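Everything below concerns the one structure shown next.
As the structure is a computational prediction, the values presented were derived from the model and not from experiment.
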Amino acid sequence: MDIQEWEQLHTDAFYDVKRALPYLEGMFVAYNSNIDAIKHLTKEDLSRFIGFFNEAEIQARVETYPREVKEPLDFMARLLISMREGKAAEIPTYTSDTHVWLKEHLGFDYARMGGQAGIISNLLTQIGLKKVVAYIPWLSEEQADYFVDSDNLLHPKVEDGKVVLKPPRQAFKPGLESKVNWIFEYSKELEITCGGNKFKVPRDNRLIISSRPKWIRLDMDREIYEHLDSLFPIDGAMLSGYQMIKERYEDGTTYKDYVSHSVNAIEKLKALNPELRIHVELTSIQNRVIRKAILTEIVAKNVHSLGLDTVEVANALNVLGHEELSYSVIRKEETGITSLYQGAVQLLKDLSLERVHVHCLGFYICVLSKDHPLTLKEHRDALLFSSTLASTKALKGKIENLEDVAAGLEVPVSSKGIEDLENFKVYCVGKKLCTPEDFEHGYLYGPDHDAVLVPTKVVDKPTVTVGIGDTISAGAFAAMLAKMKQTQVEE
Ligand code: ADP
């Protein structure tokens, strides 16, 4: 198929999914959200900032290379190191004092919703799902303000021993601190003088102070778990944030506790609606013990669908014992797409999934179990719908409603994406996964799985790049569920 035909398919899929979305009753989205506070540093900000400290003390702290922000001086030192090298860095802080201090002394230019569940809840609300039930165990008053204020977005709240659904602004837990990640951006050529040293920033980059309050637990409040039926009717759940689980906590609990609670919550959701589909959105998980536990204990056998990018496919394969395949996914050589496809198939099998959706720049691969209820055309429509959402997000920085998405339809399909897929055709036809004609449509038929491959729309100069992966996975999963519901109703 040529680019023009793929453009047309995107448009047709968009309107088709738009008609199907009202068939969905609701979606449950948990667990992680935070606030991203963004500050672009000017020369004036920096000299004011340096002025808060003794310059000799800053230099001395730079020498110690602090690995966490315990006090403002640690932050100042790491900022200078990051700027001197023009190198991106992310350092944790375990207290909210840093946030309070930065807010008082520096302030931010703007703040936005961060965290996968936060981003996904807002997106699904704005594309008009009938009901989105978000659940953030650490929903603070400040955090609640970053949720879209709309009737179709609700959050459970315990009131007089009962669980009721309320808008997030009425469902927060009073007195909770907020999880705020600070993103300090700086530009090339900025001149810095500190403690007699002078340097120029070599390239644009950023320093992130990521907030990891010690009391945060990836868990569900007991009362909400006991009354999960209050969230229904829902057709699906999108779960994320498991990367926040730590191996050990100061109170003696370990990751095993939170993994088993997570599994219990999934089992209960499925018991309440056996038709319910569960999607897990993965992100980088540095700790291999945690990464393996999430994959083999939470995802395997319990969930239906997994969303991830190339790096995460490689990381997942690595802990599941497929080192060689993992390296060839990450090396991204000419055979990269073949390895990526094989990797996705491996994940589908190892984790007993129904669906694995891998998003790359320019194309998506979705591997499916043979018994999946939808046709490959319907799956393809779900992917194309999400490609249009992603291009809207990259173009405009936000999606406020489905009307906004008309702008995304104008973004061209990536010719590089089409070319990358074309290079994969010889392998697929050679392995008898498809005929050349099937491949043109993006359909593969493996011995124990099927797959859909689509080229996607790519924005040349994106306004934002954060949260696009979450947008893709959420859009495609919601679209797929909507098509399933529509088919059931119309049968
Ligand atoms: P994040 O978690 O920040 O969203 P990911 O790596 O998970 O990052 O997802 C990024 C995805 O967003 C890419 O795989 C690609 O599909 C999509 N994407 C990135 N840039 C663009 C762009 N300019 N236009 C369209 N899609 C994009």
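A donor atom on one side chain and an acceptor atom on the other are not found under 3.5 Å apart for R291 and N318. Checked by atom type, the side-chain pair Y186/S82 shows a donor-acceptor distance below 3.5 Å. No side-chain N or O of T125 forms a donor-acceptor pair with one of N122 less than 3.5 Å apart. Counted by atom type alone, N32 and S240 present one or more donor-acceptor pairs between their side chains at under 3.5 Å. Under 3.5 Å, the side chains of H40 and D109 contain no donor-acceptor pair of N or O atoms.
K198 is listed as a side-chain neighbour of E191, based on a closest heavy-atom distance under 4.5 Å. In this structure the side chain of F172 never reaches within 4.5 angstrom of the side chain of W138, judged on heavy atoms. Residues M238 and L124 have side chains in contact (heavy-atom distance under 4.5 Å, counting atoms from C-beta outward). In this structure, the side chains of H279 and L306 stay at 4.5 Å or more apart for every pair of heavy atoms. Taking the side chain as every heavy atom from C-beta outward, L308 and L347 approach each other to under 4.5 Å. A heavy-atom distance below 4.5 Å is found between the side chains of I266 and L239. Two residues are said to be in side-chain contact when any heavy atoms from C-beta on lie closer than 4.5 Å; K256 and V259 fail this criterion. Side chains of L351 and L320 form a contact here, defined as non-hydrogen atoms less than 4.5 Å apart.
One N or O on the side chain of Q59 and one on the backbone of C194 form a donor-acceptor pair closer than 3.5 Å. No donor-acceptor pair under 3.5 Å is formed between the side chain of H261 and the backbone N or O of D219. One N or O on the side chain of K457 and one on the backbone of V411 form a donor-acceptor pair closer than 3.5 Å. Looking at D45, its side chain does come within 3.5 Å of a backbone N or O of T42 through a donor-acceptor pair. Under the 3.5 Å distance criterion, the side-chain polar atoms of S326 are left unmatched by any main-chain donor or acceptor of H322. Proximity of a side-chain donor or acceptor of K179 to a complementary backbone N or O of S211 within less than 3.5 Å is detected. Looking at S140, its side chain does come within 3.5 Å of a backbone N or O of Q143 through a donor-acceptor pair. Side chain of R48 to backbone of H105: a donor-acceptor contact under 3.5 angstrom is found. Side-chain atoms of N401 do not come within 3.5 Å of backbone N or O of G128 as any donor-acceptor pair.
Cation-pi contact between R206 and F184: absent, since separation from the ring centre below 6.0 Å together with deviation from the ring axis within 45° is not met. Judged by the 6.0 Å and 45° rule, K268 forms a cation-pi pair with Y225.
Of all the heavy atoms in L282 and E312, the pair that sits closest is O-OE1, 3.3 Å.
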>> Using the rule given for ring-ring contact (aromatic ring centres under 6.0 Å, His included), can you reason through F53 versus F75, listing the C-alpha separation, both sets of side-chain angles and the distance that settles it, and then say yes or no?
In response: CA-CA 11 Å; F53 307 94; F75 158 69; 8.3 Å; no
>> I'd like to know whether V345 forms a side-chain contact (heavy atoms from CB on, under 4.5 Å) with L348, so could you lay out the CA-CA distance, the side-chain angles of the two residues, the decisive distance to 0.1 Å, and finally the verdict.
In response: CA-CA 5 Å; V345 172; L348 184 89; 5.5 Å; no
>> Run L325 and Q342 through side-chain contact (heavy atoms from CB on, under 4.5 Å) and show every step you take.
In response: CA-CA 8 Å; L325 190 51; Q342 290 168 337; 3.8 Å; yes
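Taking the charged nitrogens against the carboxylate oxygens, K214 and E250 do have a contact shorter than 4.0 Å, which makes a salt bridge. A salt bridge does not link R61 to E57: none of the charged nitrogens lies less than 4.0 Å from a carboxylate oxygen. A salt bridge is defined here as a Lys NZ or Arg NE, NH1 or NH2 lying under 4.0 Å from an Asp or Glu carboxylate O, and R277 with E354 meets this definition. A salt bridge does not link R67 to D74: none of the charged nitrogens lies less than 4.0 Å from a carboxylate oxygen. The pair R248-D257 does not count as a salt bridge, with every side-chain nitrogen at least 4.0 angstrom from each carboxylate oxygen. Salt-bridge annotation for K188 and D204: absent, with no side-chain N of the basic residue lying under 4.0 Å from a carboxylate O of the acidic one. Between E159 and K166 there is a salt bridge, since at least one side-chain N of the basic residue sits less than 4.0 Å from a carboxylate O of the acidic one.
Between the CG atom of D470 and the CG atom of L389 there is a distance of 12.5 Å, given to the nearest 0.5 Å. Atom-to-atom distance recorded for I120:CD1 and S473:OG is 7.0 Å, nearest 0.5 angstrom. To the nearest 0.5 Å, atoms CH2 (W182) and CD1 (I91) are separated by 14.0 Å. The NZ atom of K398 lies 14.0 Å from the OG1 atom of T471; values are rounded to the nearest 0.5 Å. To the nearest 0.5 angstrom, I50 atom CD1 is 6.0 Å from I192 atom CD1. One finds the OG atom of S386 at 12.0 Å from the CD1 atom of I468 (value rounded to the nearest 0.5 Å).
For Y364 and H357, the distance between ring centers is under 6.0 angstrom. Ring-centre distance between Y258 and Y249: below the 6.0 Å cut-off.
The aromatic rings of Y341 and Y427 stand perpendicular to each other, their planes meeting at an angle above 60°, with 30° marking the opposite boundary. Using cut-offs of 30° and 60° for the angle between ring planes, the Y31 and Y135 rings count as perpendicular.
Shown here is E141, whose CD atom has no more than 12 heavy atoms of other residues, nucleotides or ligands within 6.0 Å. Heavy-atom neighbours of Y327 OH from other residues, nucleotides or ligands within 6.0 Å: at or below the threshold of 12. Within a 6.0 Å sphere centred on NZ of K246, other residues, nucleotides and ligands contribute more than 12 heavy atoms.
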